[in-house]
Amino acid sequence: MNQQQILDLYQWAPGICFRHPSKREVPTTHVETIRPAAGGIQDVRACKDCVVAMEEQRQEAAQRHGEPYSPGHLGSAEGGDTRR
């Protein structure tokens with residue numbers, strides 16, 4: 001799949017990217033919900049550049065571990081851990 005096909009697997013809405021807050025509001029997708037120690041819940045959103053980078057990390061990790069890779073699952077149980 002090419003990058004645009006991967007990006008098309010996600011739902012996009014205006015938001016602030018967790019890696020690039022200085023970009024201000026850009027198209028983002030939800031990648032995780034966290035519960036900060038201060039309380040409440042916080043949605044973590046990523047811009048298109050970050051989604052592409054995280055999907056590349058997921059694919060590389062899957063290859064290293066001999067596991068199948070299926071794009072489009074960041075933020076889901078199927079997404080796996082990109083920090084391997």
Side-chain angles (χ1 to χ4, degrees):
M1 294 183 101
N2 68 38
Q3 289 182 357
Q4 188 58 52
Q5 290 170 315
I6 292 171
L7 293 173
D8 289 345
L9 297 172
Y10 291 95
Q11 294 181 9
W12 299 93
I16 304 296
C17 176
F18 78 104
R19 286 185 175 171
H20 301 108
S22 63
K23 286 184 178 181
R24 299 203 168 245
E25 195 169 88
V26 296
T28 61
T29 192
H30 176 267
V31 293
E32 190 167 352
T33 300
I34 59 173
R35 292 177 176 15
I41 55 175
Q42 177 71 43
D43 286 331
V44 178
R45 301 189 66 81
C47 68
K48 292 179 179 186
D49 290 339
C50 290
V51 168
V52 168
M54 288 187 288
E55 285 287 2
E56 287 172 353
Q57 290 172 344
R58 286 186 59 240
Q59 184 176 25
E60 291 167 5
Q63 288 173 339
R64 277 194 311 273
H65 292 91
E67 298 173 356
Y69 165 72
S70 178
H73 301 288
L74 290 173
S76 72
E78 296 177 51
D81 186 350
T82 61
R83 296 167 288 178
R84 290 184 185 176

*asked:* The criterion is side-chain contact (heavy atoms from CB on, under 4.5 Å); which residues satisfy it with Asp49, sequence neighbours excluded?
replied: Lys23, Cys47
*asked:* Nearest 0.5 angstrom please: Leu9 CG to His73 NE2, how far?
replied: 7.5 Å
*Under 3.5 Å donor-acceptor, Arg45 side chain and Thr28 backbone*: yes
*Under a 4.5 Å side-chain heavy-atom rule over Ile, Leu, Val, Met, Phe, Trp and Tyr, are Val51 and Ile16 clustered together?*
no
*Applying the 4.5 Å side-chain criterion to the ILVMFWY set and letting contacts propagate, would Phe18 and Tyr10 be lumped into a single cluster?*
yes
*Quick one: list whatever passes side chain to side chain donor-acceptor pair (under 3.5 Å) with Gln11, sequence neighbours left out.*
none
*Between Glu55 and Gly72, which heavy-atom pair has the shortest distance, and what is it?*
OE2-N, 2.9 Å
*Flag yes if Val26 and Met54 sit in one hydrophobic cluster, no otherwise; membership is Ile, Leu, Val, Met, Phe, Trp, Tyr, and two members link when side-chain heavy atoms are under 4.5 Å apart.*
no
*What pairs with Gln5 under side-chain contact (heavy atoms from CB on, under 4.5 Å), at least two apart in sequence or on another chain?*
Met1, Asn2
*Could I get the full list of side-chain contact (heavy atoms from CB on, under 4.5 Å) partners for Glu56, not counting sequence neighbours?*
Gln3, Val52
*If we only count heavy atoms from C-beta on, is the Thr29 to Leu74 side-chain gap below 4.5 Å?*
no
_side chain to side chain donor-acceptor pair (under 3.5 Å) involving Thr33 - partner list, sequence neighbours excluded_ = His30, Asp43
*How close do Ala46 and Cys17 get, heavy atom to heavy atom, and via which atoms?*
CA-SG, 3.9 Å
*Name all residues meeting the side-chain contact (heavy atoms from CB on, under 4.5 Å) criterion together with Gln42; count only those two or more places apart in sequence or in a different chain, and write none if there are none.*
Ile34, Pro36
*Output yes when a side-chain donor or acceptor of Trp12 lies under 3.5 Å from a complementary backbone atom of Lys48, and no otherwise.*
no
*From CD1 (Ile6) to CZ (Arg58), nearest 0.5 Å*: 9.5 Å
*Under the side-chain hydrogen bond (donor to acceptor under 3.5 Å, both in side chains) rule, what do Glu60 and Tyr69 come out as? Steps first, then yes or no, please.*
CA-CA 9 Å; Glu60 291 167 5; Tyr69 165 72; over 6 Å; no
